[in-house]
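Can you keep this structure in mind? I'll have questions shortly.
This is a predicted model, so every value here is computed, not measured.
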Amino acid sequence: MRKLVLIAAAALLPLTAGGCVRTAASVVTAPFKAAGQVVDWTTTSQDEADRNYGRKMRKKEAREGRERREWEKRCRKDPENCGSYDGYIASHDN
């Protein structure tokens, strides 16, 4: 009976040791994974930067379009007092 218990324990030893090694490895690598995630959260990827720039430019172009339509409407009502458009121009804004 003792031999059977010893053989069973010897057979299970690699399985339990492997689990401990895996657990120890995950505990050791966890801080590095967390630090990498923080860096991802704090930095902006090129894709995000392009998307944000596009959104900003669309807003500026929409503003310019509204102001130009208002200017054109005023010019149709009073053409004598209408000069060149001197309102907001999206491409000139920094």
Around atom CG of D86, are there more than 12 heavy atoms from other residues, nucleotides or ligands closer than 6.0 Å? no

Can you list everything that forms a side-chain contact (heavy atoms from CB on, under 4.5 Å) with R58? Sequence neighbours excluded, please. R55

Other members of the hydrophobic cluster containing M57, with the 4.5 Å side-chain heavy-atom rule, please. Y53

Are the side chains of K59 and K56 in contact, using a 4.5 Å heavy-atom criterion? no

Output, in order, the C-alpha distance, side-chain angles, deciding distance and verdict of side chain to side chain contact (heavy atoms under 4.5 Å, CB included) for K77 and R74. CA-CA 5 Å; K77 289 181 179 180; R74 283 193 311 268; 5.8 Å; no

Closest approach of E64 to A90 (non-hydrogen atoms, all atoms of both residues): OE1-N, 3.0 Å

Salt bridge between R51 and D47, side-chain N to carboxylate O under 4.0 Å? yes

Grab the two heavy atoms, one from G83 and one from W71, that are nearest each other, plus how far apart they are. O-CZ2, 3.0 Å

Passes side-chain hydrogen bond (donor to acceptor under 3.5 Å, both in side chains), E48 versus N52? Steps please. CA-CA 6 Å; E48 289 172 315; N52 292 340; over 6 Å; no

Using a 4.5 Å cut-off on heavy atoms from C-beta on, say whether the side chain of Y85 contacts that of E67. yes

